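To keep things clear, I will list the structure first and then write my remarks on it.
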Amino acid sequence: MTMDDDLSRIGISLPKNLLDRFDEILNYRGYSSRSEGIRDAIRTYITYYKWMSDVKGEREGVITMVYDHDQRNLLSDITEIEHEYHGIIKASLHSHVTHTRCMEVILVHGEGTHLKNLAEKLMAHKGVESVKLTTIPLEK
Ligand code: NI
């Protein structure tokens with residue numbers, strides 16, 4: 001018996017297409033229940049967040065972001081954020097994936113906590129599908 005057996009029940013509202021995509025993955029990976037999949041997703045989220053918290057010191061990295069081009073004000077908001085963080089952004093590459101989806105790869109260099117702040121700021125925006133930060137320390 002672990003603390004995990006002390007279950008809490010929650011109700012969540014999700015866009016249908018998000019749930020459909022989630023179910024598709026659960027099905028593909030052979031999960032027995034949606035609850036098990038959600039527990040796993042939350043654990044992964046926590047691990048990722050902890051891993052992000054370890055990003056410290058001078059680092060070089062890449063932020064990969066996918067977002068909805070049609071989301072109101074998103075494009076100008078992203079540009080504004082990128083200008084705000086101009087000191088750590090070395091370059092960015094934009095790819096128009098489909099009529100409505102965009103992918104942006106941002107090359108960053110600077111203090112790890114700043115890189116993380118930038119990634120989190122982008123992530124918090126509505127219409128941003130995913131943001132992934134990958135970094136390496138300067139010294140091995
Ligand atoms: Ni685009």
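All figures in this text were calculated on a predicted structure; none of them were measured in a lab. Numbers for residues simply follow the sequence, beginning at 1.
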### Task
Find out whether V66 and V97 are in side-chain contact, i.e. whether some heavy atom of one side chain is under 4.5 Å from a heavy atom of the other.
no
### Message
Quick check for you: to the nearest 0.5 Å, what is the distance between L75 atom CG and H94 atom NE2?
### Response
6.5 Å
### Message
Would K132 and Y48 count as a cation-pi pair here, with the cationic atom under 6.0 angstrom from the ring centre and within 45° of the axis?
### Response
yes
### Message
Grouping I, L, V, M, F, W and Y whenever their side-chain heavy atoms are under 4.5 Å apart, do L115 and L138 come out in a common cluster?
### Response
no
### Message
Between K56 and E111 (salt bridge meaning N to carboxylate O under 4.0 Å), is one present in this structure?
### Response
no
### Task
Using the ring-ring contact (aromatic ring centres under 6.0 Å, His included) rule, collect all pairs that involve residues 100-140, keeping only residues at least two apart or in two chains.
none
### Task
Go through I63 and V108 one step at a time and tell me if the side-chain contact (heavy atoms from CB on, under 4.5 Å) criterion holds.
CA-CA 7 Å; I63 294 173; V108 289; 4.2 Å; yes
### Task
Decide yes or no for K90 and E60: does some side-chain heavy atom of the first lie under 4.5 Å from some side-chain heavy atom of the second?
yes
Taking distance alone, no hydrogens or angles, what donor-acceptor pairs closer than 3.5 Å link side-chain atoms of residues 10-19 to residues at least two apart or in another chain?
residue	atom	partner	partner atom	Å
K16	NZ	D20	OD1	3.2
K16	NZ	D20	OD2	2.7

#### Entry: T135 side, atom OG1; E58 side, atom CD - distance, nearest 0.5 Å
12.0 Å
#### Entry: Stepwise side-chain contact (heavy atoms from CB on, under 4.5 Å) test for V62 and V105
CA-CA 7 Å; V62 170; V105 178; 3.6 Å; yes
### Query
Which atom names give the shortest non-hydrogen contact between F22 and A41, and what distance separates them?
CE1-CB, 4.2 Å
### Message
Would you say that H69 contacts R101 through its side chain, given a criterion of any heavy-atom pair below 4.5 Å between the two side chains?
### Response
no
## Note on the structure
Minimal heavy-atom distance between R59 and G112, with the atoms involved, is CD-CA, 4.5 Å
### Query
When rounded to the nearest 0.5 angstrom, what distance separates OH in Y67 from CG in L74?
7.0 Å
### Query
Do we see a donor-acceptor contact under 3.5 Å between the side chains of Y31 and D40?
yes
#### Entry: Same cluster (ILVMFWY, side-chain, under 4.5 Å), L122 and I88
yes
### Task
Could you tell me the separation between the CE atom of M123 and the CD atom of E129, rounded to the nearest 0.5 Å?
13.0 Å
### Query
How many angstroms lie between CZ in R39 and OG in S33, if you round to the nearest 0.5 Å?
5.5 Å
### Message
Can you confirm whether more than 12 heavy atoms, excluding those of E80, are under 6.0 Å from its CD atom?
### Response
no
### Task
Look at D23 together with R34 and state whether they make a salt bridge at an N to O cut-off of under 4.0 Å.
yes
### Task
Output the distance between atom CD1 (I81) and atom CG (L118), rounded to the nearest 0.5 Å.
7.5 Å
### Query
Side chains of M65 and I106: closer than 4.5 Å at any heavy-atom pair?
yes
#### Entry: 4.5 Å side-chain heavy-atom contact, K121 and Y85
yes
